[in-house]
2 protein chains.
Amino acid sequence: MTGMLKRSGRQFLGPLREKLRSPGGAIGKEVDAVLNRTKPRIGRGEIIAGPAFSGKQFAVLLEGLACMATRNDNGARQIYAFYYPGDFLALHDFLRPESREHIEIEALSNCSIGTINRDILERAIQRRPMLGQALWQAAMIEARIFRQRLVMARWPALQRVAHLLCEQRARLGAHERVIPLTQIDVADATGLSVVHINRLFQELRQLGVLSKQRTIKVVNKERLQELAAFDPGYLDPGEALSYWDLYIDD
Amino acid sequence: MTGMLKRSGRQFLGPLREKLRSPGGAIGKEVDAVLNRTKPRIGRGEIIAGPAFSGKQFAVLLEGLACMATRNDNGARQIYAFYYPGDFLALHDFLRPESREHIEIEALSNCSIGTINRDILERAIQRRPMLGQALWQAAMIEARIFRQRLVMARWPALQRVAHLLCEQRARLGAHERVIPLTQIDVADATGLSVVHINRLFQELRQLGVLSKQRTIKVVNKERLQELAAFDPGYLDPGEALSYWDLYIDD
DNA sequence: CGGCGGCTTGATTCGAGTCAAGAACCGTGG
DNA sequence: CCACGGTTCTTGACTCGAATCAAGCCGCCG
């Protein structure tokens, strides 16, 4: 479980070593070699990748929290998935850039990313067939995430929200209890209205699961996991949502 | 758009030539060479692949209609995706057979399938790297299908049902107007109750979209597409849901 | 000619949306 | 340091879509 880079106490200063969680083991050096890290910080709410990029460039999230989302005809945002440090972004349009879905990758907190040009990535894949298989796996993991969301879509609202919070906790790192989302974000990810989310949050506060502060802060994770029927093992290391596992040198 | 094999007027008698819709073009012969077609017919309601198979064997659907589904704790079935002739089944657990999700592939009509052993498929991938890339693409298409279902999950019920019917029409073949599903199947795929599905069907019959018979038969596809806000192009050839395109030699 | 799976119908309940308005908070600039 | 504007959060009243429960019906298959 990766977590924010700072959490481990190490700083994001030296070269990255990414280790792909794949049957083949670590191939991160390949990616490391072609990763362009000059990209500056990205502010919350900014679009990291969208139709405008159309498959010419890809990114790896280095710090922060981002999501994949679309906006429907009414302008309502729908969040499909969250991305955490180490995740590969926007792979979905590597093979078929000309999709008519208007998918965007949006920063939910301040982020920093590394980028890779399409042709460079292509060449890397040719040099290292394992990388291709790893990307296949990444796509299958993505499919699994969406399937999981489809399952959640049929749960009662409180459980849906609780489960989302459990996921965030698990992915942000067990020690980080503040979840950097707004109630609006949670609404857009669960498909519930903001008003209803707010009422559920109050219920969670009454139950002693969330703190009474404005920020989303879990103070009783056991109770939360009960409400969510959350199985911590469903994110076990071999199946983590994160395609990449970041290790920082000094 | 593939359709039932019979529709084209050709019979499913001779050798198959599968053509993968991939940037690389036809690699179906590779699959054809390793496909075991001795498997007999499978009856409606039977499980084609599930936990019991655990990644040792994979299948290609040759005839009929199947789905990927799970059952939740109450025994309720949830259908994630439909499979049509030419689709590769159960690829989802090729890389990680030990998933704890109890996904099953179930025949929704009488089906026939061809099978491939895991190790044979693995060797085929090594021989032909393009096949690996094709499977990557297949996984991305699957992810897209699920994403589409997530979008639909927020639509009003009538539109959701109408869209599902449009998809079936498009995939079964434009000339096949009877959709071989039960109202129960539609309920499990849309996440609505059977009772509600029934009422929506009556509404669709009143609107002159469905015939008054017991079978699900579309008699006014234009009206149906309007209700569904269905974009026929969203299944355009390059992006079809079907991984494989079947061609039959007499 | 049962019987069972699927379809139909009605009555009732309830979860969650919508609308509307106000309060708390945050960043920015004077 | 405070005033202002824009988000975000909160609360209340009302509505409505869809679930559930409970029967009864149809039609096919053995």
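Sequence lines set the chain letters: A, B, ... in the order given, protein chains first and strands last, and positions in each chain run from 1.
- Closest approach to the R199(B) side chain among dG10(C), dT11(D), dA18(D) is made by dG10(C) (side chain taken as heavy atoms from C-beta onward).
- If you take CD of Q159(B) and C1' of dA18(D), they are 16 Å apart, rounded to a whole angstrom.
- For S193(B), taking side-chain heavy atoms from C-beta onward, the closest of the listed nucleotides dT18(C), dT20(D), dC9(D) is dT20(D).
- Straight-line distance from the CG atom of D188(A) to the P atom of dC9(D): 11 Å, rounded to whole Å.
- Out of dC19(C), dG17(C), dA18(D), the shortest distance to the side chain of H196(A) is found at dG17(C).
- When each of R44(B) and L200(A) is assigned the nucleotide of DNA chain C with its nearest heavy atom, R44(B) is the one assigned upstream, toward the 5' end.
- Of the candidates dT20(D), dA16(C), dC7(C), the closest approach to any side-chain atom of Q183(B) belongs to dC7(C).
- For R205(A), a side-chain nitrogen or oxygen approaches OP1 or OP2 of dT10(D) to under 4.0 Å.
- Taking a cutoff of 4.0 Å between a charged side-chain nitrogen and a carboxylate oxygen, R71(A) and E104(A) qualify as a salt bridge.
- If you measure from atom CD1 of I184(B) to atom P of dA19(D), you get 15 Å, rounded to the nearest angstrom.
- Within 4.0 Å (heavy atoms only), V194(A) reaches no atom of the nucleic acid at all.
- In this structure, of dT9(C), dA16(C), dG6(C), it is dG6(C) that holds the atom nearest to the side chain of T182(B).
- Within residues 210-219 of chain B, the residues having any heavy atom closer than 4.0 Å to DNA chain C are, in order of number, R214(B).
- Closest to the N198(A) side chain, of the nucleotides dT8(C), dA20(C), dC9(D), is dC9(D).
- When the C1' atoms of four end pairs are superposed on the next four at each end of the helix from dC1(C)-dG30(D) to dG30(C)-dC1(D), using five pairs per end, the two resulting axes differ in direction by 40°, to 10°.
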